[in-house]
Asker: 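I am attaching a structure below and will ask some questions about it afterwards.
The chains referred to below are lettered A, B, ... by the order of the sequence lines, with proteins before strands, and numbering in each begins at 1.
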Amino acid sequence: MQIEALYHDHGAGLLRYLERVFGMWAAPEDLLQETFVEALGCAERCLAADSPRAFLFGIARNVGLSARRRRRTRRMEPLGNVEPEAAVATDSMEMAEMRAAIGRLEEPVRETLELRLRDELSYEEIALVLGIPMGTVRSRLHTAVKTLRARMRD
Amino acid sequence: MAKEQVMTPETLEGLLIDRSLGQLSPEVERLLEAYLVHDVEARRMGMGIEETIGLAKRTMPPTVASAPKGAWEQVERRRRGRVVSRSARWIAAMSGMAACLLGGFWLGHAQPGEGMGTARSGATGEGGQVRVLAASPVPAGAPAVAEFWSRGRIQALAMQQGEVRREPAGRLPVRSFFESPGESR
C-alpha cells in the first residue's frame with residue numbers, strides 16, 4: 001500500500017516532529033500511529049496532494065493539537081526552552097546564546113523556523129502544514145532571521 | 001518604457017535570507033550572485049545571514065535519530081480496531097432500541113387494561129395477591145350516569161346503601177374538629 005511506503009519514508013521525520021512539538025502532552029509513537037490511521041482514512045487525498053509529506057505533517061500537527069487540548073497538564077517545560085541534556089552540555093557560548101534567542105522568539109515564528117531548519121520543509125510545505133499563505137511563511141522566517149541576527153549582535 | 005527596478009536594502013536582505021534558507025529559484029539566485037559581485041557590503045551581509053542560519057541549524061539537532069518504533073502492522077491493527085469499535089457501537093445502539101420496542105410491545109399485549117376506577121401497584125402483596133392501593137368510592141355495579149365522579153353522586157349512593165357519610169376527599173380532619181367540636185370530642 002502506498003500509505004505504508006509514506007510511513008517508511010517519512011515516519012522518522014514525523015516522529016521527530018511530534019516528539020519535539022507535542023512530546024510533552026502525549027507519547028510521540030502513539031501520535032504517529034494516530035496520524036497514519038487518519039491518513040488511511042483519507043488516503044486518496046493524501047496521495048494526490050502536491051506534497052504528501054506536507055499533508056502528513058499537517059495531519060500530525062492536528063493530531064498533536066487535539067492531544068494537547070485533551071491533556072492540559074504539562075509533563076515538562078514548553079518546547080524551545082528545552083533541549084537534550086547532551087546537546088546543552090556541549091554548547092559553546094555562542095550556541096547557548098542562539099538557543100536562548102530562539103527560545104525567546106514568538107511561538108508562530110519559532111514554529112515556522114523549526115519546520116524549515118529542523119524538519120527541512122519548503123516554504124510551500126510549511127504553508128500547507130500551518131494552513132497559512134506562503135507570503136506569511138516567508139515573512140515569519142525573515143522576521144526570525146532578522147531577530148536572531150539582532151540578538152546575536154547585541 | 002520599462003520601469004527601472006531598484007534594489008532596496010529590505011529587498012536585498014529578504015533575498016539573502018531566502019538564499020540562505022535554500023528557497024530561491026535558480027534564476028533569481030544567479031541574478032543575485034551577479035549583483036553581489038559588485039556590492040561588497042551586500043556580500044558581507046549575506047555572509048552574516050548565512051552564519052546566523054548555520055548557527056541556528058546547529059542548535060536544533062534532531063531529538064530522535066532512529067526510525068519509528070511502531071511497526072506498520074500496529075497502525076493497521078489500530079485502524080481495524082477503530083472500524084470494529086465503530087460498528088460495535090452502532091450495533092449496540094440498534095439492539096438497545098429494538099429491545100425497547102419489543103419490551104414495550106410485549107408489555108402492551110401481556111397486560112390487558114384493568115377496570116376503570118381501580119389503581120394497582122406493580123408489586124403483588126402476600127400470597128401473590130395484587131395489592132389495591134386505592135379503590136373507587138362508587139359501589140360496583142352502579143349504573144353509569146353523567147357526572148360519574150361528582151361528590152354529590154358519591155354521597156347519594158352512600159346514603160342509599162346506608163353507609164356512614166364519608167368525608168369528601170381532600171377535607172382535612174382538623175377542619176371537622178373546628179366545625180363540630182362536640183362530635184369530635
Side-chain angles (χ1 to χ4, degrees), chain A residues 1 3-4 7-8 10-20 23 28-30 32-41 79 83-84 86-87 91-92 94-102 113-114 116-120 122-124 137-139 141-142 144-146 148-153, chain B residues 7-26 28-29 32 41-87:
Chain A
M1 199 177 186
I3 296 286
E4 186 179 352
Y7 179 84
H8 293 301
H10 306 302
L14 282 163
L15 185 65
R16 198 159 53 226
Y17 167 73
L18 288 167
E19 182 170 41
R20 191 183 73 236
E29 287 85 3
D30 195 48
L32 181 70
Q33 286 186 14
E34 191 63 32
T35 300
F36 276 92
V37 169
E38 293 289 328
L40 281 169
L79 184 86
E83 288 296 339
D91 266 6
S92 62
E94 208 177 24
M95 281 175 81
E97 280 173 14
M98 174 58 83
R99 198 183 303 283
I102 291 170
L113 183 70
E114 291 196 332
R116 176 71 202 113
L117 297 184
R118 272 193 155 131
D119 303 304
E120 297 178 337
S122 67
Y123 285 11
E124 290 93 336
V137 173
R138 178 174 281 116
S139 152
L141 288 170
H142 288 190
V145 175
K146 285 177 195 171
L148 292 179
R149 275 195 81 201
R151 284 181 185 162
M152 292 305 287
R153 262 192 249 134
Chain B
M7 179 75 88
T8 62
E10 291 78 26
T11 310
L12 178 65
E13 192 176 19
L15 286 169
L16 290 171
I17 291 171
D18 286 341
R19 188 185 67 158
S20 298
L21 290 170
Q23 291 294 299
L24 220 52
S25 69
V28 177
E29 194 166 351
L32 181 64
E41 190 57 38
R43 254 199 331 267
R44 196 173 297 137
M45 188 200 280
M47 282 166 64
I49 288 170
E50 277 191 11
E51 203 175 291
T52 304
I53 291 173
L55 185 60
K57 267 185 184 174
R58 285 201 300 280
T59 58
M60 294 185 187
T63 45
V64 178
S66 58
K69 292 176 197 166
W72 175 251
E73 289 72 33
Q74 281 178 301
V75 175
E76 285 193 320
R77 202 176 308 134
R78 193 165 175 161
R79 178 169 162 74
R80 274 198 301 273
R82 183 177 288 186
V83 171
V84 168
S85 70
R86 199 178 295 158
S87 309

Asker: Assess whether atom CE of B:Met7 is packed by more than 12 heavy atoms of other residues, nucleotides or ligands within 6.0 Å.
Answerer: yes
Asker: I need the A:Ser92 OG to B:Leu55 CG distance, nearest 0.5 Å.
Answerer: 7.0 Å
Asker: Considering only heavy atoms from C-beta outward, does the side chain of A:Glu34 approach that of B:Val75 to under 4.5 Å?
Answerer: no
Asker: Using the side-chain contact (heavy atoms from CB on, under 4.5 Å) rule, pick out the option among B:Arg77, B:Gln74, B:Arg79 that qualifies with A:Gln33.
Answerer: B:Gln74
Asker: So B:Glu13 and A:Val145, do their side chains get closer than 4.5 Å, heavy atoms only?
Answerer: no
Asker: Any Lys/Arg nitrogen of A:Arg149 or B:Glu51 sitting under 4.0 Å from an Asp/Glu carboxylate oxygen of the other?
Answerer: no
Asker: Within the 4.5 Å heavy-atom criterion, are A:Arg116 and B:Gln23 side-chain neighbours or not?
Answerer: yes
Asker: I'd like to check B:Met60 versus A:Ile102 (side-chain heavy atoms, cut-off strictly below 4.5 Å). Are they in contact?
Answerer: yes
Asker: Are the side chains of A:Arg138 and B:Ile17 in contact, using a 4.5 Å heavy-atom criterion?
Answerer: no
Asker: Contact part of A:Asp30 toward chain B, heavy-atom cut-off under 4.5 Å: side chain, backbone, both or neither?
Answerer: both
Asker: With heavy-atom distances below 4.5 Å as the criterion, would you say the side chains of B:Ile53 and A:Leu148 are in contact?
Answerer: no
Asker: Find the one option among A:Met152, A:Glu94, A:Glu124, A:Glu120 whose heavy-atom pairs under 4.5 Å with chain B are most numerous.
Answerer: A:Glu94
